[in-house]
Participant: 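Mind having a look at this structure? Questions to follow.
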Amino acid sequence: MPIAADPCTDTPLSSSRSLGAAISAGVGAGNDGSALAATPGSTARGGGGSGSGADGGVPSALQVAAAGTPRLAALQAQRLRPEAVVARTPLGPATNLQDLTNRDLGRLLRSGTWLNDEVINYYMLLIRAPAAAPSTAQPPSTPQQPPPQLRTPAAAAASCPAAASSPASPVPPCLYVFSSFFWSKLTGGGARGRFEYGEVQRWTLPRRSYTPDCVLGRELLLFPINHGNAHWCLAAVWPRRRLLQYFDSLGGSRATSDWVLGTLLRWLLRDAEDKGLDGSSCGVFACAFAELLARGVPAEGFRFSQADMPSIRRGMAEQILRGSL
Amino acid sequence: MADVKAEAKAEVINITIKTSDGEVAFKIKKSTKMSKVFAAYAQKKGVPEGHYRFVLDGARIGNDVTAAEIGLEDGDSIDAYVEQLGG
């Protein structure tokens, strides 16, 4: 059942429900927080994404951290008030500025601190901004996209032609990232039995997503999912590949992920807090997963682990401050 | 023609701000900065400004944007969310 050219014309998200039967579930299984497995036999990229070179499986934040974090150092030297805005980027209209405060950025900089929606959603804006053309040291191979401008994500994101990425090309997938509030809205605040389609029906209207196209036509949809106000995960939906993936840095259960992915639209109810590893970096993991997927790296190619968390945190902070990945 | 002029003046719209426990109605001009609405809402709820994140059909609304700029129309509903935390 191919997705219609413009799925927004009738029931946008319900399309992912009807995909349910054909969907393969991928479950993150990193007990030690290392590379997360996914989608047995279902990764549709067919190796295309794995061609992103030796660094393909490593979040760009690692490289950024290794190369130095001057903006971060400068910021920290300033000793700003917690409510000071340290990063700002427009979403849609140029005047619709999304702010990140010093307080929220600070969550990245203290190991052991949980991330909140502000950091997650801001990082997601970076991911969807330059159509995922990395601006880091050695970008895999995407010269077709101009280097991302500082603080112009929305405009760049708007120019993501649905047909831009053919399955065989090494180009990062044409993607859209939903805000972390999507899942919460859809599930009526995280209640398992609830399915509030009407609440999110309008979220994929182009005039609401500030995109020229309906985002459902894109290759990859990413959903940061907040679990019980205690845990961050990431769901990835590849509509045309009929593939849904779920990435949980604490493992999670297959039964639960099957259920979440089969409907895509149910709230994950599984407290993974006592799974025993660093229970505070799931938001960082989720951002790193998203960033890698955005670069077209298949999940099997992820190569980072718990040990990288402090560096990734610093790197992400730097990326946020400079306004690009 | 007359319509265009009237519109340009100051179109007033009715909107609501919604949380899981109810909604509050506002009558605003399209030229109103959303920060004013948000401040009024926070005051009504008895919480500090910045407590809520205001989202219009998935898109976070900044403080300095006007209702017209984000395409708010009569009858539209804005969602107010509180902080999400997770490790």
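This structure is a prediction, so every number in the text was calculated from the model and none was measured. Letters go in sequence order (proteins before strands), and every chain restarts at 1.
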Participant: For the atom pair CD (Q84(B)) and CD1 (I225(A)), what is the distance rounded to the nearest 0.5 Å?
Facilitator: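 Answer for the CD-CD1 pair, Q84(B) versus I225(A), is 10.5 Å.
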
Participant: Between D117(A) and E83(B) (side chain of the first, backbone of the second, donor and acceptor by atom type, cut-off under 3.5 Å), is there such a pair?
Facilitator: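 Not a single qualifying donor-acceptor pair exists.
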
Participant: I want to check something: taking the side chain as every heavy atom from C-beta on, are E69(B) and N96(A) in contact at a cut-off of under 4.5 Å?
Facilitator: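 No, side chains not in contact.
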
Participant: Determine whether a donor-acceptor pair (N or O, by modelled atom type, separation under 3.5 Å) exists between the side chain of D57(B) and the backbone of W203(A).
Facilitator: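 It does not hold such a pair.
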
Participant: Heavy-atom cut-off 4.5 Å, strictly under: side chain, backbone, both or neither for R207(A) against chain B?
Facilitator: side chain

Participant: Would you name the heavy atoms of Y210(A) and A59(B) that are closest together and state the gap between them?
Facilitator: CE1-CB, 3.5 Å

Participant: Should we count NZ of K44(B) as having more than 12 external heavy atoms under 6.0 Å?
Facilitator: no

Participant: Return yes if some donor-acceptor pair links the side-chain N/O of Q98(A) with the main-chain N/O of R60(B) below 3.5 Å, else return no.
Facilitator: yes

Participant: Check whether any side-chain N or O of H231(A) sits under 3.5 Å from a backbone N or O of G87(B) as a donor-acceptor pair, and report yes or no.
Facilitator: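 Yes, the answer is positive, given that a donor and an acceptor are paired below the 3.5 Å cut-off.
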
Participant: Could you check whether any side-chain heavy atom of E199(A) comes within less than 4.5 Å of a side-chain heavy atom of K18(B), counting everything from C-beta outward?
Facilitator: yes

Participant: For V55(B) versus F181(A), what's the shortest heavy-atom pair and its separation?
Facilitator: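 Heavy atoms only, the tightest pair is CG2-CD1, 3.7 Å.
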
Participant: Between N229(A) and L85(B), is the side-chain contact (heavy atoms from CB on, under 4.5 Å) condition met? List the steps.
Facilitator: CA-CA 5 Å; N229(A) 215 23; L85(B) 274 174; 3.9 Å; yes

Participant: Can you tell me how far CG of D99(A) sits from CG of N63(B), rounded to the nearest 0.5 angstrom?
Facilitator: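 So the gap between those two atoms works out to 7.0 Å.
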
Participant: Based on non-hydrogen pairs under 4.5 Å, which of G58(B), S77(B), G62(B) is most in contact with chain A?
Facilitator: G58(B)

Participant: Which pair of non-hydrogen atoms, one from S184(A) and one from Y81(B), has the smallest distance, and what is that distance?
Facilitator: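 That would be OG-CE2, 4.1 Å.
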
Participant: Considering only heavy atoms from C-beta outward, does the side chain of R208(A) approach that of L56(B) to under 4.5 Å?
Facilitator: yes

Participant: Going by heavy atoms in the side chains, are R202(A) and D76(B) under 4.5 Å from each other?
Facilitator: yes

Participant: A quick test of your reading: do over 12 heavy atoms of other residues, nucleotides or ligands sit less than 6.0 Å from CD of E83(A)?
Facilitator: yes

Participant: Which distance, rounded to the nearest 0.5 Å, do you find between the CD1 of I61(B) and the CG of L97(A)?
Facilitator: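 One finds 13.5 Å between CD1 of I61(B) and CG of L97(A).
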
